[in-house]
Visitor: 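Could you have a look at this structure, given as structure tokens, before my questions?
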Amino acid sequence: MLKSHSCGELTKEQVGREVTLAGWVHRRRDHGGLVFIDLRDREGIAQVVFNPEISKAAHEVADGLRNEYVIKVTGEVALRPPGTENPKLPTGEIEVIASDIQLLNTSKTPPFYINEDVEVDENLFLKYRYLHLRRPRMRDNILLRHRVEKFMRDFLDAKGFVDIETPILMKSTPEGARDYLVPSRIHPGKFYALPQSPQQLKQLLMVAGFEKYYQIARCFRDEDLRADRQPEFTQLDLEMSFVDEEDILNLVEELFTSLVETVKPEMQVLKPFPRLSYAESMERYGTDKPDVRFGLEIRDLSDIVADSEFAVFRSAIQGSGKVKGICLPGCAAYSHKQLEELTELARTHGAKGLITLALPSDDHASLEHLTLDEVKSVAAKYLTIDQVKEMVQKFEAKPGDLVVIVAGEPNMANRVLDEVRREMGRRLNLMDPNLLAFVFIVGYPLLEWNNETGLWEPMHHPFTAPYEEDIPLLDKDPSKVRARHYDIVCNGYELSSGSIRIHTRQLQEKVFHLLGYSSKEIEERFGHLLEALEFGAPPHGGIAPGIDRVVMLLAGAENIREVIAFPKNQGAVDVMSDAPARVSEEQLDELHLKLKDEALSELELKAGP
RNA sequence: GGCCCCGUGGUGUAGCGGUCUAACAUGCCACCCUGUCACGGUGGAGAUCGUCGGUUCGAAUCCGAUCGGGGUCGCCA
């Protein structure tokens, strides 16, 4: 090693000892006579002092140092002179008095600050990702990710799980997300697909008798990107035999709580994880991935205003819609502009408008004696005082609150109120950044009716087992069949999905048929799985937490690109290497591929003049 | 594909019809400085305002198109 210690590990312990450090020049403070260098390596920062009276030669070299130069320094660790300690730096009590320095490499001036946390155009970050990763915050994110994955491996190993790799080149199983495809050279016209998840393989590993499997698995989905979605992402994939829902839920609850206690002890977790049914989550939060760190819960007001004179409410309800709302504490004084902003937010998510009721904020006014002219709302003249009072009661509203109401199609109303709720959670500072509010969502329906295709679709995937007692309903009323499925949600993010799987051929085939597959299709796509189920497949189930999102939440990051070493931008482009890129004619030939004219002209267009 | 936001020296911002021959901070270069830690001081270089077109006597500024980026809806079994 070129170094005896790392910069960050130095403490008073080493005072008097000669050490050799190596790292990057984080900052230079040149006092003419004295030169201070903040030397940075992976573990932290240490101050190195160059004094011409100690070493003239070293001081001269230090004079020419610039940010990000790579140096090796030898010197004695010394206590800083009294009064010059730096409490902001973990190593701030000591410094290294340089007696020798070696310049290992120079550096061009970086295109952005490494030693300051200033936001920069993200494409620039991505182009010079290796420099972005040098920033202490990014470095910490990646180190945190390492600790998270290490913890998961250790935890599951201790529980008897076996780490088994599954192939990246596999068979395309249509439905679900779009596959990334890999053309075969050896088999003209045939393609491998990259796994969207190792779903079928982990089930086959249960058939194989491994009983407890896990893998930190890369998954690929060719869909549009989002702040929490990348074309390739990582799951902690796990599967167990001879279990029911409780076994899996207890396992992951313990996994997550001890994970947070170990790698991020300053964050709090709700214990035990609350459980919400899908229906309840939709009812109270308007979404199946609620942020339960704060209230502002949605209430259904349809009953209260069913006979209302107000056309907006009445027509919504008559058209099998709903009237739902939330109560915003202390927001009655919102300005016209602020209300307009909320209305605009509602409109962009499909609402025709937003009805607001501002309750009087006079401290002495009790809402029991509320009168209609005290309520500021365009709807006030169409409502009775009793209706308003019922609403107040339903929300447990206080003087000065603002009730926000959406009327219309139930899914739209839920979606809009979910948006408004989260936006107001942010504005009212109700989201505790140090709280991880994990919640289990259970009781999903097994199937959803797709109006466009006229087919039943699996709510999650076709391998999810129905409740035993609901199996007869598969023939009578598929919409009523409940799935043995569970989601884990945290702070508004879906972290994982899992289920108890179907483990008999008979039931699996029945579900496939219900989904509209022909026997031929079933055989082609799932023949190997169905056959496996005939060879003594044990009851089994599993779950697959998304590691990128877990680390993002633990890191307090806004998007998963912050916790992935080399992510792609929203156009799925690797800006650093410029992938995807053209390949040579020869490569295409070998793969028996020919580009379509439209692809070629697109390439011409982008190549530009 | 739809909608919203953004594009001005290396970086981050200001400027939003004429006084912009584009400002500020930081970075960069040179010199000075022996206790700084976002060191300090003096001086200097550096942008035809994403691109194209239009309106106008005059455009960084207004309009249109286009490209690029971010967010989001669709999509993500």
Side-chain angles (χ1 to χ4, degrees), chain A residues 26-39 45-54 59 63 66-68 78 80-89 91-92 95 97 108-128 131 173-179 196-197 199-200 219-231 233 341 344-345 347-350 412 415-416 419 422 446-448 450 452 456-464 483 485 494 497 499 511-512 515 525-526 546 558-559 561 569-571 573 575 605-606 608-609:
Chain A
H26 193 65
R27 229 181 262 280
R28 186 180 69 121
R29 290 177 296 280
D30 185 348
H31 288 235
L34 281 181
V35 174
F36 297 95
I37 296 290
D38 286 343
L39 190 63
I45 288 170
Q47 172 165 285
V48 182
V49 188
F50 293 87
N51 187 333
E53 287 160 23
I54 303 290
H59 180 263
D63 209 45
R66 295 294 180 270
N67 283 349
E68 300 308 310
R80 293 197 186 187
T84 66
E85 301 88 354
N86 184 354
K88 283 187 253 171
L89 215 57
T91 61
E95 61 192 4
I97 314 292
K108 299 206 315 195
T109 301
F112 48 80
Y113 309 107
I114 306 225
N115 51 21
E116 273 178 63
D117 212 13
V118 175
E119 277 306 313
V120 171
D121 176 64
E122 197 168 351
N123 261 359
L124 197 63
F125 275 154
L126 290 173
K127 183 173 176 195
Y128 297 98
L131 296 181
T173 51
E175 301 305 312
R178 271 183 286 268
D179 282 323
Q196 294 179 19
S197 81
Q199 179 61 37
Q200 291 186 48
C219 305
F220 305 87
R221 294 177 192 175
D222 188 3
E223 296 292 347
D224 287 356
L225 285 68
R226 290 283 190 286
D228 61 353
R229 276 196 241 156
Q230 281 274 303
F233 61 99
E341 276 173 15
E344 190 48 41
L345 178 71
R347 284 210 189 93
T348 60
H349 289 91
M412 178 281 293
R415 189 172 63 240
V416 168
E419 289 294 335
R422 282 184 295 125
L446 185 71
L447 303 162
E448 271 180 318
N450 184 326
E452 281 169 34
W456 288 103
E457 284 180 352
M459 186 116 177
H460 290 93
H461 61 56
F463 314 111
T464 303
H485 180 97
E494 184 192 313
S497 258
S499 61
V511 169
F512 281 145
L515 298 174
R525 292 176 186 179
F526 307 108
E558 302 263 294
N559 68 63
R561 280 171 263 125
N569 72 5
Q570 198 170 84
V573 170
V575 180
L605 214 68
K606 286 276 159 68

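Residue numbers start from 1 in every chain, and the chains themselves are labelled A, B, ... in the order their sequence lines are given, proteins ahead of strands.
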Visitor: Got a donor-acceptor contact below 3.5 angstrom from the A/Ser197 side chain to the A/Cys219 backbone?
Guide: no

Visitor: Name the pairing partner of B/A23, where a pair is Watson-Crick or G-U wobble with both distances under 3.5 Å, or state none.
Guide: B/U13

Visitor: Is there a donor and acceptor pair closer than 3.5 Å between the side chain of A/Asp224 and the base of B/G74?
Guide: yes

Visitor: Counting any heavy atom closer than 4.0 Å, what does A/Glu85 reach on the DNA or RNA strands: base, sugar-phosphate only, or nothing?
Guide: base

Visitor: Considering only atom C1', compute the distance from B/G69 to B/A22 and round it to an integer number of Å.
Guide: 25 Å

Visitor: Starting at atom CG of A/Asn67, determine the distance to atom C1' of B/C37, rounded to an integer number of angstrom.
Guide: 13 Å

Visitor: What about A/Gln47: does its side chain form a donor-acceptor pair under 3.5 Å with the base of B/U36?
Guide: yes

Visitor: Measure CZ/A/Arg415 against C1'/B/C3 and give the value in whole Å, please.
Guide: 13 Å

Visitor: If you look at every strand shown and take non-hydrogen atoms under 4.0 Å, does A/Leu124 touch a base, only sugar-phosphate, or nothing?
Guide: sugar-phosphate

Visitor: Indicate the ring-plane relationship of A/Phe112 and A/Phe125, choosing parallel, tilted or perpendicular according to the 30° and 60° boundaries.
Guide: perpendicular

Visitor: Find the distance A/Gln196:CD to B/C76:P and express it as a whole number of Å.
Guide: 10 Å

Visitor: Could you tell me whether the side chain of A/Glu341 reaches within less than 4.5 Å of the side chain of A/Glu344, counting heavy atoms only?
Guide: no

Visitor: Any side-chain heavy-atom pair from A/Asn569 and A/Leu225 closer than 4.5 angstrom?
Guide: no

Visitor: Write down the partner of B/C62 under the Watson-Crick or G-U wobble criteria, each distance required to be under 3.5 Å.
Guide: B/G54

Visitor: Do A/Gln200 and A/His461 have side chains that approach each other closer than 4.5 Å (heavy atoms only, starting at C-beta)?
Guide: no

Visitor: Pairs of donor and acceptor atoms involving the side chains of residues 81-89 of chain A, under 3.5 Å and at least two apart or interchain, shall be tabulated with distances.
Guide:
| residue | atom | partner | partner atom | Å |
| --- | --- | --- | --- | --- |
| A/Thr84 | OG1 | A/Pro81 | O | 2.6 |
| A/Glu85 | OE1 | A/Gly83 | N | 3.0 |
| A/Asn86 | OD1 | A/Lys88 | N | 2.9 |

Visitor: Is the closest side-chain heavy-atom distance between A/Gln47 and A/Arg27 below 4.5 Å?
Guide: no

Visitor: Is B/G68 paired to anything, Watson-Crick or G-U wobble with both distances less than 3.5 Å, and if yes, which nucleotide?
Guide: B/C6

Visitor: Which whole number of Å gives the distance between the P atom of B/G9 and that of B/A23?
Guide: 13 Å

Visitor: Using modelled atom types only, decide if a donor and an acceptor are shared between the side chain of A/Gln196 and the backbone of A/Ala177 within a distance under 3.5 Å.
Guide: yes

Visitor: Just the rounded figure in Å: distance from P of B/C75 to CG of A/Asp228.
Guide: 16 Å

Visitor: If I pick the P atom on B/G35 and the same atom on B/A47, what distance separates them, to the nearest angstrom?
Guide: 38 Å

Visitor: How is A/Thr109 classified with respect to the nucleic acid when contacts are heavy atoms under 4.0 Å: base, sugar-phosphate, or nothing?
Guide: sugar-phosphate

Visitor: What nucleotide, of B/G12, B/U72, B/U26, holds the atom closest to the side chain of A/Glu116?
Guide: B/U26

Visitor: Please classify the nucleic acid contact of A/Thr464 as base, sugar-phosphate, or nothing, using heavy-atom distances under 4.0 Å.
Guide: nothing

Visitor: Ignoring hydrogens and angles, answer whether the base of B/C37 and the side-chain atoms of A/Arg80 contain a donor-acceptor pair closer than 3.5 Å.
Guide: yes

Visitor: The side chain of A/Arg226 is closest to which nucleotide in this list: B/C73, B/G35, B/G10?
Guide: B/C73

Visitor: Side chain to side chain contact (heavy atoms under 4.5 Å, CB included) for A/Arg29 and A/Leu34? Distances and angles first, verdict last.
Guide: CA-CA 8 Å; A/Arg29 290 177 296 280; A/Leu34 281 181; over 6 Å; no

Visitor: From B/G35, B/A38, B/C28, pick the nucleotide closest to the side chain of A/Asn86?
Guide: B/A38

Visitor: Under a 3.5 Å distance rule, please check whether A/His485 uses its side chain to pair with a backbone N or O of A/Leu446 as donor and acceptor.
Guide: no

Visitor: Between atom CD in A/Glu341 and atom P in B/C5, what is the gap in whole Å?
Guide: 12 Å

Visitor: Report yes if a side-chain nitrogen or oxygen of A/Lys108 is closer than 4.0 Å to either non-bridging phosphate oxygen (OP1 or OP2) of B/C28; otherwise report no.
Guide: no

Visitor: A/Arg29 side chain N/O closer than 4.0 Å to the phosphate oxygens (OP1, OP2) of B/C39?
Guide: yes

Visitor: Please measure how far the C1' atom in B/G27 lies from the corresponding atom in B/A45, and state the result in whole Å.
Guide: 13 Å

Visitor: Roughly how many Å is it from CZ in A/Phe125 to P in B/G10, rounded to a whole number?
Guide: 17 Å

Visitor: Between B/G46 and B/C24, how far apart are the C1' atoms? Round to whole Å, please.
Guide: 15 Å

Visitor: Considering only heavy atoms and no angle criterion, is a donor-acceptor pair shorter than 3.5 Å present between the side chain of A/Glu95 and the base of B/G35?
Guide: yes

Visitor: Could you tell me whether the side chain of A/Asn67 reaches within less than 4.5 Å of the side chain of A/Thr109, counting heavy atoms only?
Guide: no

Visitor: Which atom pairs link the protein and nucleotides 67-69 of chain B when you take only N or O atoms and keep those under 3.5 Å?
Guide:
| residue | atom | partner | partner atom | Å |
| --- | --- | --- | --- | --- |
| B/G69 | OP1 | A/Asn569 | ND2 | 3.2 |

Visitor: Distance check, P atoms only: B/U8 and B/U51, in whole angstrom units.
Guide: 10 Å

Visitor: Using the C1' atom on both, measure B/C20 against B/C49 and round to a whole Å.
Guide: 11 Å

Visitor: For the side chain of A/Arg178, starting at C-beta, report the closest nucleotide among B/G71, B/C75, B/G35.
Guide: B/C75

Visitor: Is any side-chain heavy atom of A/Pro458 closer than 4.5 Å to a side-chain heavy atom of A/Thr464?
Guide: no

Visitor: Got a salt bridge between A/Arg229 and A/Asp224, using NZ or NE/NH1/NH2 to carboxylate O under 4.0 Å?
Guide: no

Visitor: Quick check, does A/Phe112 stack with B/U11? I mean ring centres under 5.5 Å and planes off by under 30°.
Guide: no

Visitor: Please pick, from B/G1, B/G27, B/U72, the nucleotide with the shortest atom-to-atom distance to any side-chain atom of A/His349.
Guide: B/U72

Visitor: Distance check needed: B/C4 P versus A/Glu344 CD, whole Å only.
Guide: 9 Å

Visitor: Show each protein N/O and nucleotides 30-34 of chain B N/O combination with a separation under 3.5 Å, one pair to a line.
Guide:
| residue | atom | partner | partner atom | Å |
| --- | --- | --- | --- | --- |
| B/A30 | OP2 | A/Arg66 | NH2 | 3.2 |
| B/C33 | N3 | A/Asp30 | O | 3.0 |
| B/C33 | N3 | A/Gly32 | N | 3.3 |
| B/C33 | N4 | A/Asp30 | OD1 | 3.4 |
| B/U34 | OP2 | A/His31 | O | 3.2 |
| B/U34 | OP2 | A/Gly33 | N | 2.8 |
| B/U34 | O4' | A/Leu34 | N | 3.3 |
| B/U34 | O4 | A/Glu53 | OE2 | 2.2 |

Visitor: NA contact type, A/Pro81, heavy-atom cut-off 4.0 Å: base, sugar-phosphate, or nothing?
Guide: base

Visitor: Within the structure, does a side-chain N or O atom of A/Arg27 lie under 4.0 Å from either OP1 or OP2 of B/C39?
Guide: yes

Visitor: Taking the nucleotide of RNA chain B with the nearest heavy atom to each, does A/Gly92 or A/Glu419 sit closer to the 5' end?
Guide: A/Gly92

Visitor: Could you tell me the separation between the CG atom of A/Asn115 and the P atom of B/U11, rounded to a whole number of Å?
Guide: 16 Å

Visitor: If the P atom of B/U48 is compared with that of B/G10, how far apart are they to the nearest Å?
Guide: 8 Å

